[in-house]
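I have placed the structure first, in the form of structure tokens, so that the comments after it can refer back to it.
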Amino acid sequence: MLVLGIESSCDETGVALYEHTHGLLAHQLHTQMAMHAEYGGVVPELASRDHIRRLVPLTEAALQEAGKSYADIDAVAFTQGPGLGGALLAGASFANALAFSLGKPAIAVHHLEGHLLSPLLAAEKPEFPFVALLVSGGHTQLMAVRGIGDYTLLGESVDDAAGEAFDKTAKLLGLPYPGGAKLSELARLGSPDAFQLPRPMLHSPDLQMSFSGLKTAVLTAVQKVREQSGSDDIPEQTRNDICRAFQDAVVDVLAAKAQKALLDTGFRTLVVAGGVGANWKLREVFARLSVRRPSEKGRPKPAAEKINVFFPPLEYCTDNGAMIAFAGAMRLQSGHSAGAVNVKPRCPLTETGESGTEIVKSA
Ligand code: KG4
Ligand code: ZN
């Protein structure tokens, strides 16, 4: 079964072809980053128009890359939401029209399910069950994943998503859009001890997280530096040090909450997905992650247990068509398909699926 996957939820047009037995056959991507950079953020109307321009050429490039033709496609998977309404409609209309003209099914895919399953595209795949940490520009969630479609929300950010915090902090430090990845590069040059920033909700008894306060803490640190120097300019090394402190604080919180989720569920496999999963420090810390069960009175201290951590290949961390083609293929295998051309700009992963089956349970 050959599945064409279409991703158009924000500022990336992704098109890919996934085949059940041979895996990923083609993967094409166009990023609108340069177009939006001029405005300091994504302009929804420009994003929709650009998706419309790119969808056909990217699909043809993917078919050519895979050595396939339109007639070989068995199903068309597309991102139904969450995302920008117009951008989603561009991909959904294209996918549904193509599926209709081919007489094949169109499969609506939840964007976060795409991210969640993207580590299964790697050569070394995680086995169910696992805890998934979804860290993107719009979401920061911990999920218990017991199988395809069996997701339980364990905890999430109560305010900014981790990626959003990266981007807003980068903007505040005068870095060009999109700032998250740039901030992470500058953090490599910063000292880990120059600034101390808070770890919000680190010790809260649940799996909720909060990142908006960190941005404010960075603002306060910047103001102090400016007052002390009497200049609006932030010296390069100071800026790098702040980047490092910010990144370390976010990673510390994510690691502690992931450890708690692993202890709570009893799972020993962790999957990290979403754009922030590309962060070098996060990868470094998570690769060494272990957990230790609480000590019981009169008993020896439990040993540290190593966690198997899986990351998607770097190119599938940020938005792409491969994860949508893959999630669509998995859904097709389990008999799900979409009936109508609709998009869901806001849709929690706890929402009831198109087929009437509950695809996600909330803890
Ligand atoms: O998953 P994604 O491509 O799109 C959403 O669905 O949101 O994630 C994009 C987010 C952005 O906020 C971006 O700043 C962040 O991922 N990001 C990073 C890095 N690369 C991308 N954040 C931290 N470190 C990075 N290296
Ligand atoms: Zn995404």
Side-chain angles (χ1 to χ4, degrees), residues 5-14 29-33 36-37 40-42 44 47 78-84 87-88 91 109-119 121 132-141 156-157 160-173 175-190 211-212 214-215 243-255 271-286 311-324 326-327 345-349:
I6 308 283
E7 156 62 31
S8 71
S9 65
C10 190
D11 57 348
E12 258 110 23
T13 322
L29 188 78
H30 173 78
T31 176
Q32 304 175 353
M33 238 174 236
H36 297 297
V42 177
F78 64 96
T79 302
Q80 189 179 34
L84 301 172
L88 288 167
V109 171
H110 195 291
H111 182 77
L112 295 185
E113 184 175 34
H115 276 304
L116 198 82
L117 300 180
S118 60
L121 284 164
L133 172 65
L134 273 176
V135 266
S136 69
H139 296 84
T140 300
Q141 299 184 326
E156 61 187 331
S157 173
D160 289 355
E164 186 182 359
F166 263 92
D167 294 336
K168 286 180 176 171
T169 303
K171 196 168 187 178
L172 199 148
L173 291 169
L175 303 179
Y177 166 88
K182 181 78 185 152
L183 187 156
S184 135
E185 277 320 302
L186 295 181
R188 275 187 196 277
L189 311 170
F211 296 105
S212 71
L214 259 178
K215 175 190 63 201
C243 290
R244 180 65 191 260
F246 170 81
Q247 175 183 269
D248 288 4
V250 173
V251 172
D252 269 3
V253 173
L254 292 174
V271 156
V272 182
V276 184
N279 184 269
W280 63 271
K281 175 75 181 185
L282 184 141
R283 287 188 170 232
E284 215 174 86
V285 169
F286 276 64
F311 295 98
L314 269 180
E315 57 190 320
Y316 308 132
C317 267
T318 45
D319 291 349
N320 64 85
M323 66 184 195
I324 302 303
F326 179 74
R346 292 172 67 83
C347 54
L349 200 50

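Whatever order the structure lists ligands and atoms in, that order sets their numbers, starting from 1.
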Apply salt bridge (charged side-chain N to carboxylate O under 4.0 Å, His left out) to Lys215 and list each qualifying residue two or more places apart in sequence or on a separate chain. Asp160

Do ligand 1 and Asp319 have nitrogen or oxygen atoms that lie under 3.5 Å from each other?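 Between Asp319 and ligand 1 (N or O atoms, distance only) the closest approach is under 3.5 Å.
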
Check: Gly137 N/O within less than 3.5 Å of ligand 1 N/O: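 Indeed, backbone or side chain, Gly137 has an N or O that close.
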
By side chain to side chain donor-acceptor pair (under 3.5 Å) - contacts of His36 (at least two apart): Gln32

Please name all residues satisfying side chain to side chain donor-acceptor pair (under 3.5 Å) with Glu185, sequence neighbours left out, ordered by chain then number. Arg188

What atoms of ligand 1 come closer than 4.0 angstrom to any heavy atom of Gly180? 14 (O), 23 (C), 24 (N)

Using the ring centroid of each side chain, check whether Phe246 and Phe166 are separated by less than 6.0 Å.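 When the ring centroids of Phe246 and Phe166 are compared, they turn out to be within the sub-6.0 Å range.
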
Just to be sure I understand the site: which N, O or S atoms from the protein are less than 2.8 Å away from the Zn ion (ligand 2)?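 Listed by chain and number: His111 NE2, His115 NE2, Asp319 OD1.
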
For ligand 1, which part of Glu12 has a heavy atom less than 4.0 Å away: the side chain, the backbone, both, or neither?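 Near ligand 1, Glu12 shows nothing, with every heavy atom at 4.0 Å or more.
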
Within a reach of under 6.0 Å around NZ of Lys281, are more than 12 heavy atoms found that belong to other residues, nucleotides or ligands?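 Yes, because the 6.0 Å sphere around NZ of Lys281 holds more than 12 heavy atoms from other groups.
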
Decide whether the shortest distance between a heavy atom of Gln247 and an atom of ligand 1 is less than 4.0 Å. no

Please confirm whether His111 approaches ligand 1 to less than 4.0 Å, judged on its heavy atoms.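 It does; at least one heavy atom falls under 4.0 Å.
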
Option whose closest heavy atom lies nearest to atom 14 (O) of ligand 1, chosen from Asn279, Asn320, Val250, Asp167: Asp167

